[in-house]
Amino acid sequence: MKINTIGFVASEAPKPQRAVKKMRKRYGNHDPEKADVIVALGGDGFMLETLHRFITREVPIYGMHRGTVGFLMNSYNEFDLVERLERCEPTVLHPLRMRAEGAGHSRHEALAINEVSLLRETRQAAKIKILIDGKERVPELICDGVLLSTPAGSTAYNLSAHGPIVPVGAHVLALTPISAFRPRRWRGALLPSAASVRFEIIEAMKRPVSAVADYAEVRQVMAVDVFEDRDVKLNLLFDPEHNLEERILHEQFTP
């Protein structure tokens, strides 16, 4: 890809702030709202913030690792940036759209790049009914929670909850229970990316549940609908030798 202008953004931590000063001095300080490509310096958390911030622009975003976790980031090097950007491999991601019904029939909507998770709010386990494309699949899941993950998010909370790692090109979503008590043998499912998932909270007042889409949280939900929104495109750039597909594959063989 041909690069004319680069916009830099960085997390507030000292290391990425030092790095962004060097990069702006070397490559210019263009407005990220108008630049051809955005370079984000930080960790995976900051990359998620950047993707949400520019989600309506569909501008290519190239992450450089200056944070703690860097699964979505490329290695940091202040030299040869333009050449690296021009030979990058693009990866298109589609976020999940969450539509939650709260107490008093309030409506809430948010996008999730990693996952939508439902979590119990009190000491009592949650009771959740799960429907896939309108068909009841789990009549009553007694658990700490449950999540639906994108392939990009499958190595995050989903993996910590013992869910499967999903290749980006597989066009599937991971449905993973969190500390399930019953059904005891159910460990989750892989769903087609076109699937629509509905979570209905059983005994919602007695056993309150919150719904979280990346950073957006809705407390005391009654029901939550989640589906992949293919009208929204997130364009990530990766060095050819460290593309996202390879990282997800490599993660499955890491001790």
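In what follows, residues are counted from 1 in the order of the sequence shown. These figures come from a predicted structure and were not determined experimentally.
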So do the side chains of P164 and N158 get within less than 4.5 Å of each other, counting heavy atoms only?
-> yes
CD on E228 to NE2 on H94, rounded to 0.5 Å | 6.0 Å
Could you pull out every donor-acceptor pair under 3.5 Å between side chains of residues 130-138 and any protein atom, sequence neighbours left out?
{"residue": "D133", "atom": "OD1", "partner": "S196", "partner atom": "N", "Å": "2.8"}

Checking salt bridge (charged side-chain N to carboxylate O under 4.0 Å, His left out) for the pair E140/K129: CA distance, chi angles, key distance, verdict?
-> CA-CA 5 Å; E140 183 180 83; K129 179 190 296 186; over 6 Å; no
With side chain to side chain contact (heavy atoms under 4.5 Å, CB included) as the test, would you mind laying out the steps for I61 and L51 before giving the verdict?
-> CA-CA 8 Å; I61 298 177; L51 290 168; 3.7 Å; yes
Answer yes when K127 and E203 have at least one side-chain N-carboxylate O distance shorter than 4.0 Å, and no when they do not.
-> yes
For S106 and A103, work out which heavy atoms get closest and say how close.
-> OG-O, 3.2 Å
Nearest-0.5 Å distance that lies between atom CZ in R207 and atom CD in Q220 | 15.0 Å
Check side-chain contact (heavy atoms from CB on, under 4.5 Å) between M222 and all other residues, then give those that pass, not counting sequence neighbours.
-> E101, A204
Looking at side-chain heavy atoms only, is the closest gap between I128 and I201 below 4.5 Å?
-> yes
Go through the structure and list residues passing side-chain contact (heavy atoms from CB on, under 4.5 Å) with T150, not counting sequence neighbours.
-> L96, A152
Is there a donor-acceptor pair closer than 3.5 Å between any side-chain N or O of S149 and the backbone N or O of S154?
-> yes
If Ile, Leu, Val, Met, Phe, Trp and Tyr residues are connected whenever their side-chain heavy atoms lie under 4.5 Å apart, and connections chain through other members, are V232 and M47 in the same group?
-> yes
Closest approach of F238 and T91, non-hydrogen atoms and distance?
-> CD1-OG1, 3.8 Å
Quick one: closest heavy-atom pair of A125 and I142, and the distance?
-> CB-CG2, 3.9 Å
Short side-chain to backbone donor-acceptor contact, D229 and P95, under 3.5 Å = no
With sequence neighbours left out, what residues match Y215 under ring-ring contact (aromatic ring centres under 6.0 Å, His included)?
-> H52
If Ile, Leu, Val, Met, Phe, Trp and Tyr residues are connected whenever their side-chain heavy atoms lie under 4.5 Å apart, and connections chain through other members, are M98 and I113 in the same group?
-> no
Looking at Y27, is R24 sitting on its ring face, NZ or CZ under 6.0 Å from the six-membered ring centre and within 45 degrees of the normal?
-> no
Transitive ILVMFWY side-chain link V166 to Y157, under 4.5 Å = no
Could you check if a side-chain atom of R57 sits within less than 4.5 angstrom of a side-chain atom of E33, using non-hydrogen atoms only?
-> yes
Is there a path from V116 to L48 through hydrophobic residues (I, L, V, M, F, W, Y) whose side chains come within less than 4.5 Å of each other?
-> no
Can you tell me how far the NZ atom of K25 sits from the NZ atom of K22, to the nearest 0.5 Å?
-> 10.5 Å
Atom pair OG1/CG of T176 and L147 - distance to nearest 0.5 Å | 5.0 Å
Would you say F199 and V226 make side-chain contact, with heavy atoms under 4.5 Å?
-> yes
Quick one: pull up OG in S11 and CD in E49 and give me the separation to the nearest 0.5 Å.
-> 8.0 Å
Taking a hydrophobic cluster as the set of Ile, Leu, Val, Met, Phe, Trp and Tyr residues connected by side-chain heavy atoms closer than 4.5 Å, whether directly or through intermediates, do V146 and V221 fall within one such cluster?
-> yes
Take R99 and E109, measure what salt bridge (charged side-chain N to carboxylate O under 4.0 Å, His left out) needs, and give me the verdict at the end.
-> CA-CA 5 Å; R99 291 175 176 164; E109 195 163 315; 3.3 Å; yes
For L118 and V224, what are the C-alpha separation, side-chain angles and deciding distance, and is it a side chain to side chain contact (heavy atoms under 4.5 Å, CB included)?
-> CA-CA 9 Å; L118 277 70; V224 179; 4.2 Å; yes
Do R187 and H162 pass the side chain to side chain contact (heavy atoms under 4.5 Å, CB included) test, and can you show the C-alpha distance, the side-chain angles, and the key distance before you say yes or no?
-> CA-CA 8 Å; R187 294 294 180 265; H162 306 292; over 6 Å; no
For L159 and I165, what are the C-alpha separation, side-chain angles and deciding distance, and is it a side chain to side chain contact (heavy atoms under 4.5 Å, CB included)?
-> CA-CA 7 Å; L159 183 59; I165 296 175; 3.8 Å; yes
From the list I38, L81, N29, side-chain contact (heavy atoms from CB on, under 4.5 Å) partner of I6 resolves to L81
Go through the steps to decide whether R198 and E200 satisfy the test salt bridge (charged side-chain N to carboxylate O under 4.0 Å, His left out), and finish with yes or no.
-> CA-CA 6 Å; R198 180 174 175 84; E200 296 181 354; 2.8 Å; yes
Do P90 and L236 have side chains that get closer than 4.5 Å, going by heavy atoms?
-> no
S160 side, atom OG; I178 side, atom CD1 - distance, nearest 0.5 Å = 10.0 Å
What's the shortest heavy-atom distance between A110 and A213, and which atoms?
-> CB-CB, 3.9 Å
Indicate yes or no: at least one non-hydrogen side-chain atom of P32 is less than 4.5 angstrom from one of F8.
-> no
R120: partners by side-chain contact (heavy atoms from CB on, under 4.5 Å), with sequence neighbours left out | A126, D144
Close side-chain approach of V218 and S210, heavy atoms under 4.5 Å = no
Could you pull out every donor-acceptor pair under 3.5 Å between side chains of residues 63-76 and any protein atom, sequence neighbours left out?
{"residue": "H65", "atom": "NE2", "partner": "G67", "partner atom": "O", "Å": "3.2"}
{"residue": "N74", "atom": "OD1", "partner": "D239", "partner atom": "N", "Å": "2.9"}
{"residue": "N74", "atom": "ND2", "partner": "G63", "partner atom": "O", "Å": "3.0"}
{"residue": "N74", "atom": "ND2", "partner": "L237", "partner atom": "O", "Å": "3.2"}
{"residue": "S75", "atom": "OG", "partner": "R84", "partner atom": "NH2", "Å": "3.4"}

Measure from the side-chain N and O atoms of N4 to the backbone N and O of D36, and report whether any donor-acceptor pair falls under 3.5 Å.
-> no
Does a side-chain heavy-atom distance below 4.5 Å link L111 with I55?
-> yes
Compare every heavy atom of L173 with every heavy atom of P151, then report the nearest pair and how far apart it is.
-> CD-CD2, 4.3 Å
